[in-house]
Amino acid sequence: MNLSKREFLQVLGAASAAGMGLGTYAQASAQTAAQGLYDIPAFGNVSFLHMTDCHAQLKPLYFREPSVNLGVGDMRGRLPHLVGEQLLKVAGVQPGTAMAHALTCLDFEQAAQRYGRVGGFAHLATLVKRLRASRPGALLVDGGDTWQGSGLALWTKGQDMVDACKLLGVDVMTGHFEFTLGMQRVQEIVEKDFAGRIDFVAQNIKTTDFGDPVFKHYVMREVGGVPCAVIGQAFPYTPIANPRWMVADWEFGIQDEHMQKVVDEARAKGAKVVVVLSHNGMDVDLKMASRVRGIDAILGGHTHDGMPVASVVRNAGGQTLVTNAGSNGKFLGVLDLQVKDGRVQDYRYKLLPVFANMLPPDAEMDALITRMRAPYEARLSEQLAVTEGLLYRRGNFNGTGDQLIVDALMEVQGADLAFSPGFRWGTTLLPGQPITREWVMDMTATTYSYATLTEMKGEMIKTVMEDVADNLFNPDPYYQQGGDMVRVGGLTYAFNPLESMGRRVSDMRLKGELIDPNKTYKVAGWAPVSEEAAKAGNPMVWDLVEQWLKARGGKVPARRANMPRLTGAVPNPGLAG
């Protein structure tokens with residue numbers, strides 16, 4: 001690892017802030033300093049390395065964690081609905097440290113400058129190899145949302161991520177946005193690229209005609225001499241949250257009863273450890289853990305919650321650990337189990353942030369990424385403008401990156417207001433950074449990102465907003481779909497997450513005037529899920545955003561996210577500041 005003096009001092013500073021004493025490392029090499037954060041003692045005899053929701057991000061990036069992640073009802077004040085200082089208290093992490101920066105949005109811009117970018121598959125590969133060296137046989141599991149989220153992944157139909165995951169050494173995978181590549185493409189990858197290398201598992205996907213399993217329900221692997229079952233739980237609401245026509249022959253769902261049967265079957269076949277690799281979202285995982293017995297751990301994804309501690313859920317069979325490993329390749333979860341006398345006796349769990357400045361890139365992975373990007377590099381790196389403010393997405397109600405999108409859609413299409421989906425994927429730009437085509441694609445790249453312009457009555461606008469709000473704040477996790485609230489441009493409103501369906505949104509105004517339920521408005525949007533919309537010949541959203549950016553004269557002023565006026569659930573530990 002060859003670092004300049006400046007980089008070496010930066011590594012030492014980050015190591016110190018992460019809890020490593022400078023007295024120990026002041027005279028050490030830069031490599032030793034970096035190892036101090038990541039060399040965690042091995043424990044037990046079975047280990048799982050967990051990644052999820054990388055959303056096709058192969059290169060290091062910035063990613064701001066949410067300042068708003070409200071929990072309502074029984075979920076108020078519980079993980080994952082803690083942000084900022086409240087999350088740090090539960091995790092036992094000191095503010096101002098490297099881990100505090102990884103977990104929260106606190107002092108984000110300053111901390112991002114200090115600690116640098118996170119993630120990147122070349123750096124992740126180094127960490128995976130380091131951990132496997134101390135944990136022989138450890139399984140690397142991928143919770144899905146891997147083949148989508150970038151221009152490169154879209155243009156290669158996920159092949160860049162398939163090749164990277166094979167080289168990374170992924171053992172088992174489940175899915176969600178993978179299915180938006182279409183059934184044929186998914187099965188092609190699973191049957192050809194993954195054959196003999198990676199097991200794709202999903203107990204909750206069956207054919208619509210005869211109810212046959214589409215993928216393996218689970219796979220048995222031996223780790224440290226211990227038979228372990230990894231059961232797949234794909235995103236249960238794929239046909240609702242994403243285009244149904246892309247998975248027309250498949251049925252999804254949570255399917256607790258079937259999960260119990262699969263767990264029992266795995267146990268009957270000799271599994272001493274049963275782990276569910278889930279893309280439910282953490283609230284759903286917590287409820288499932290309380291209802292299904294015999295699961296030792298649920299390694300979760302979908303809701304992008306970087307959880308520094310495991311939640312322990314009691315159930316009829318004992319207890320189940322529930323974790324979630326964040327997003328964008330920013331974290332790697334490490335679950336070590338002590339298995340004795342045929343059952344799990346103890347555990348250790350760590351969520352490790354992937355700091356690009358502290359982990360040297362793996363040469364083989366770095367070369368693969370460079371090779372895959374080469375034909376597209378000029379297209380990706382073209383500068384469209386420079387941002388004068390922070391651009392981010394994550395948060396229950398809006399982000400400045402989504403604000404940019406709705407501003408662009410309204411202006412280019414002459415709309416009264418605009419909607420942007422409550423997606424949680426997307427990367428962050430610091431003030432002064434160039435807005436490249438790659439960033440625009442990071443925020444918009446799906447296979448159905450058509451821009452729309454629809455005439456809609458005020459009554460329908462409220463119905464749409466109420467429907468999305470119920471997906472996010474329904475008190476029963478099994479009725480939640482795990483995204484964030486639809487982002488709204490041009491329209492102000494009040495919001496009470498504690499209200500019932502149809503009563504959460506109020507005081508809707510356009511330019512200060514109350515929305516008239518019977519008046520028709522022009523509403524811009526993108527990513528419609530209907531097959532008719534895909535055949536309508538509409539432009540892709542990134543083309544309109546790019547057009548708007550190029551007309552800015554080279555600079556985009558800082559955006560102020562359009563946030564609702566909260567009338568309930570505040571104060572709340574899921575609301576920073």
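Note that these values count all heavy atoms, side chains included, but never hydrogens, waters or copies made by symmetry.
- Atom CG of residue D142 and atom SG of residue C54 lie 6.0 Å apart, to the nearest 0.5 angstrom.
- Residue pairs meeting the ring pair (Phe, Tyr, Trp, His ring centres under 6.0 Å) criterion with at least one member in residues 326-350, sequence neighbours excluded, do not occur.
- Here the closest heavy-atom approach between residue N315 and residue V292 is recorded as ND2-O, 3.7 Å.
- The side-chain heavy atoms of P80 and D283, taken from C-beta on, include a pair separated by under 4.5 Å.
- Counting heavy atoms from C-beta outward, N474 and N471 have side chains that stay 4.5 Å or more apart.
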Item to complete: Begin with the C-alpha distance, continue with both residues' side-chain angles, and end with the deciding distance and a verdict on side chain to side chain contact (heavy atoms under 4.5 Å, CB included) for W147 and V162.
Response: CA-CA 7 Å; W147 309 344; V162 170; 4.1 Å; yes
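- Between F473 atom CZ and M75 atom CE the span is 10.0 Å, to the nearest 0.5 Å.
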Item to complete: Please report the C-alpha distance between F423 and M443 in whole Å, then the side-chain angles of each, then the deciding distance to 0.1 Å, and finally whether the side chain to side chain contact (heavy atoms under 4.5 Å, CB included) criterion is met.
Response: CA-CA 9 Å; F423 292 140; M443 298 291 284; over 6 Å; no
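- In this structure, Y376 has its ring center under 6.0 Å from that of W155.
- Distance alone, capped at 3.5 Å, places no donor-acceptor pair between the T303 side chain and the D305 backbone.
- A 4.5 Å side-chain heavy-atom check between N204 and M259 finds every atom pair outside the cut-off.
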Item to complete: List the steps, then state whether side chain to side chain donor-acceptor pair (under 3.5 Å) holds for T126 with D362.
Response: CA-CA 5 Å; T126 296; D362 177 76; 4.9 Å; no
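- The closest donor-acceptor contact from the side chain of H258 to the backbone of Q203 lies under 3.5 Å.
- Checked against the 6.0 Å centroid criterion, the rings of F252 and F179 qualify as a close aromatic pair.
- In this model, a donor atom of one side chain and an acceptor atom of the other lie less than 3.5 Å apart for T427 and D442.
- Side-chain N or O atoms of R78 include none that pairs as donor or acceptor with a backbone N or O of G71 at under 3.5 Å.
- In summary, D484 and R424 engage in a salt bridge, as defined by a charged side-chain N under 4.0 Å from a carboxylate O.
- E531 and R244 are not joined by a salt bridge, as no carboxylate oxygen comes within less than 4.0 angstrom of a charged side-chain nitrogen.
- Side-chain contact check for Y237 versus Q480: every heavy-atom pair is 4.5 Å or farther apart.
- W250 and F215 have perpendicular rings, their planes meeting at more than 60° on a 0 to 90° scale where under 30° would count as parallel.
- When side chains are defined from C-beta on, M173 does not count as touching V141, because their heavy atoms never get closer than 4.5 Å.
- We find the CG-CG distance between L277 and L299 to be 6.5 Å, quoted to the nearest 0.5 Å.
- No donor-acceptor pair under 3.5 Å is formed between the side chain of T52 and the backbone N or O of A325.
- Judged by distance alone, the side chain of N328 and the main-chain N or O of K330 form no donor-acceptor pair under 3.5 Å.
- Among residues at least two apart or in separate chains, there is no ring pair (Phe, Tyr, Trp, His ring centres under 6.0 Å) pair with a member in residues 56-93.
- With hydrogens and angles left out, the side-chain atoms of D249 and T207 include no donor and acceptor closer than 3.5 Å.
- You'll find the side chain of F48 reaches within 4.5 Å of the side chain of V273, heavy atoms only.
- Rounding to the nearest 0.5 Å places CD1 of I254 at 7.5 Å from NZ of K287.
- Enclosure of atom CD in E364 is not indicated, since only 12 or fewer non-hydrogen atoms of other residues, nucleotides or ligands lie within 6.0 angstrom.
- Cation-pi geometry between K216 and F200 is not met: the NZ or CZ atom fails to fall both under 6.0 Å from the ring centre and inside 45° of the normal.
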Practice prompt. Dump the intermediate steps for side chain to side chain contact (heavy atoms under 4.5 Å, CB included) on V275 and I298, then the final yes or no.
Written response: CA-CA 6 Å; V275 166; I298 299 178; over 6 Å; no
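- Here the side chains of I231 and V263 are in contact, with some heavy-atom distance below 4.5 Å.
- Salt-bridge annotation for R197 and D199: absent, with no side-chain N of the basic residue lying under 4.0 Å from a carboxylate O of the acidic one.
- Each salt bridge (charged side-chain N to carboxylate O under 4.0 Å, His left out) pair with one or both residues in residues 146-175, not counting sequence neighbours, appears once here: R132-D171, D171-R221.
- Across M282 and S311, no two heavy atoms sit closer than the pair CE-OG, 3.7 Å.
- When all heavy atoms are compared, the tightest approach of T323 to A310 is CG2-CB, 3.7 Å.
- The side-chain heavy atoms of L139 and L49, taken from C-beta on, include no pair separated by under 4.5 Å.
- Distance check: M51 CE to L140 CG gives 6.5 Å after rounding to the nearest 0.5 Å.
- In this structure, E265 pairs ionically with K269, as a charged nitrogen and a carboxylate oxygen lie closer than 4.0 Å.
- Remark: side-chain polar atoms of N45 are paired, donor with acceptor, to backbone N or O of V339 under 3.5 angstrom.
- Remark: side-chain polar atoms of H279 are not paired, donor with acceptor, to backbone N or O of G175 under 3.5 angstrom.
- Distance check, rounded to the nearest 0.5 Å: NE2 of H304 to CG of N324 gives 8.5 Å.
- With a 6.0 Å radius and a threshold of 12 heavy atoms from other residues, nucleotides or ligands, Q255 has its CD atom above the threshold.
- Nearest heavy atoms, P353 versus A102: CB-CB, 3.7 Å.
- When all heavy atoms of S278 and T174 are compared, the pair lying nearest together is C-CG2, 4.4 Å.
- In this structure, H302 contributes its side chain and Q481 its backbone to a donor-acceptor pair below 3.5 Å.
- Looking only at distances, no side-chain donor or acceptor of S150 sits under 3.5 Å from a matching main-chain atom of Q57.
- What you find for G119 and A356 is that their closest heavy atoms are O-CB, 4.1 Å.
- Counting heavy-atom neighbours within 6.0 Å of D256 CG, excluding the residue itself, gives a total above 12.
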Item to complete: Check the pair F177 / T146 against side chain to side chain contact (heavy atoms under 4.5 Å, CB included), numbers first and verdict last.
Response: CA-CA 8 Å; F177 256 98; T146 303; over 6 Å; no
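- Judged by distance alone, the side chain of Q159 and the main-chain N or O of A153 form no donor-acceptor pair under 3.5 Å.
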